[in-house]
Amino acid sequence: MTRISMTVDGTRYEDEVEPRLLLVHYLRDHLGLTGTPVGCDTSNCGACTVELDGDSVKSCSVLAVQADGGQVTTVQGLVSDGEWAPLQTAFHEQHALQCGYCTPGMIMAARDLLKENPDPTPEEIRQGLEGNLCRCTGYQNIVRAVLAAAAEERRRRAPTPRPMDTGWTDEQATAPATAGQEART
């Protein structure tokens, strides 16, 4: 047994594990984080994609001991204050799933893509998600979801416009014009 420690979705864990234990099995079986599915166990499908130290990895091809000391984010860790991340919302709103088995990995891979390219084209999205397979959809709604999430992220990052300082009070600015005065706009 080997002692490991890592932070997963913001919580620090320390455990004794077999050196051959895959990260996906550690997440699911030791921590109970079942949002990361076991897909193919050969790193072909991408369903098990998570972030390790800020980069997307297929957790079926990483040993838990290789993640020792690292920061892991799963699809479950994207939820903040009970609210889905923009990618999760977009996948739901754009109907970018059918059976849902590939969805956690698609979302995590798309998250990595959007960190590198916050304004991707549909072709760039298809290329960025090449390592993730979906057997149910035609990918079109997945591409739409990533585009929608990218737009939402850009909207959230845009500076909030500040009101123009006209020197008028709110009361003066909204008061109706009287005879001989011009409208206050």
Side-chain angles (χ1 to χ4, degrees), residues 6-11 22-24 26-28 31 33-63 66-67 69-162:
M6 68 183 75
T7 302
V8 180
D9 296 339
T11 303
L22 293 171
L23 180 58
V24 68
Y26 176 71
L27 295 171
R28 293 178 61 80
L31 303 185
L33 296 172
T34 56
T36 302
V38 178
C40 61
D41 261 341
T42 61
S43 77
N44 287 321
C45 75
C48 67
T49 301
V50 298
E51 280 185 6
L52 174 58
D53 295 328
D55 295 319
S56 70
V57 298
K58 295 176 181 176
S59 61
C60 73
S61 65
V62 176
L63 298 171
Q66 290 174 299
Q71 301 270 337
V72 176
T73 303
T74 71
V75 72
Q76 289 165 266
L78 300 182
V79 173
S80 178
D81 295 325
E83 291 201 26
W84 285 346
L87 268 166
Q88 292 168 304
T89 301
F91 266 66
H92 174 74
E93 290 175 352
Q94 298 296 322
H95 308 286
L97 58 101
Q98 282 182 341
C99 79
Y101 205 78
C102 71
T103 305
M106 285 284 186
I107 288 172
M108 297 306 292
R111 178 178 153 101
D112 193 51
L113 167 72
L114 292 178
K115 278 193 295 186
E116 296 296 318
N117 182 358
D119 192 13
T121 65
E123 184 57 32
E124 290 169 331
I125 293 168
R126 286 183 186 88
Q127 288 174 352
L129 298 179
E130 275 181 342
N132 292 71
L133 302 177
C134 177
R135 299 180 200 276
C136 300
T137 71
Y139 292 95
Q140 188 56 37
N141 288 351
I142 293 170
V143 171
R144 283 187 191 127
V146 176
L147 288 169
E152 175 61 16
E153 288 287 346
R154 286 191 308 277
R155 186 194 67 76
R156 288 182 180 195
R157 283 192 306 271
T160 306
R162 293 178 41 191

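Numbering of residues begins at 1 and proceeds along the displayed sequence. It should be emphasised that the depicted structure is a prediction, and the values quoted were computed from it without experimental measurement.
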Exactly one candidate in Val50, Val62, Leu33 meets side-chain contact (heavy atoms from CB on, under 4.5 Å) with Val72; the answer is Val50
Sorted by chain and residue number, the side chain to side chain contact (heavy atoms under 4.5 Å, CB included) partners of Ser80 (sequence neighbours excluded) come out as none
Heavy-atom nearest pair, Lys115 first then Asp55, reads NZ-N, 4.5 Å
For Cys60 and Val24 the tightest heavy-atom approach is CA-CG1, 3.9 Å
query: With a 4.5 Å heavy-atom cut-off, do Glu93 and Glu152 have their side chains touching?
result: no
In short, Thr73 meets Arg111 closest at the heavy-atom pair CG2-NH2, 4.5 Å
### Message
As a quick check of understanding, evaluate side-chain contact (heavy atoms from CB on, under 4.5 Å) for Tyr26 and Leu31, giving each step before the final call.
### Response
CA-CA 7 Å; Tyr26 176 71; Leu31 303 185; 3.6 Å; yes
CD (Gln66) and OG (Ser59) are apart, to the nearest 0.5 Å, by 12.0 Å
On a heavy-atom basis, the closest approach of Thr49 and Ser56 is CG2-CB, 3.7 Å
Interatomic distance, OG1@Thr103 vs CG@Leu87, rounded to 0.5 Å, equals 11.5 Å
Between Gln88 and Val75 the two heavy atoms that sit nearest each other are NE2-O, 3.2 Å
Interatomic distance, CE@Met106 vs CG@Leu97, rounded to 0.5 Å, equals 11.0 Å
Side-chain donor-acceptor pairs of residues 134-149 under 3.5 Å, sequence neighbours excluded:
unit_1, atom_1, unit_2, atom_2, d
Thr137, OG1, Tyr139, N, 3.2
Tyr139, OH, Cys134, N, 2.7
Tyr139, OH, Cys134, O, 3.3
Gln140, OE1, Arg126, NH2, 3.0
Asn141, OD1, Arg144, NH1, 2.6
Asn141, ND2, His95, O, 3.2

Rounded to the nearest 0.5 Å, the SG atom of Cys40 sits from the NZ atom of Lys58 at a distance of 7.5 Å
Heavy-atom closest pair (Asn132 atom, Gly46 atom, distance to 0.1 Å) is ND2-O, 2.9 Å
Tested for side-chain contact (heavy atoms from CB on, under 4.5 Å) against Met6, the lone hit among Asp53, Leu52, Leu23 is Leu23
One thing to verify: whether Arg156 and Glu153 come together as a salt bridge, which I'm taking to mean a side-chain N less than 4.0 angstrom from a carboxylate O. no
Output yes when a side-chain donor or acceptor of Asp9 lies under 3.5 Å from a complementary backbone atom of Thr74, and no otherwise.
yes
Does Arg154 use its side chain to pair, donor to acceptor, with the backbone of Pro118 at less than 3.5 Å? yes
Discussion item. Checking the side chain of Gln76 only, and the main-chain atoms of Gly35 only, is there a donor and an acceptor separated by less than 3.5 Å?
Written reply: yes
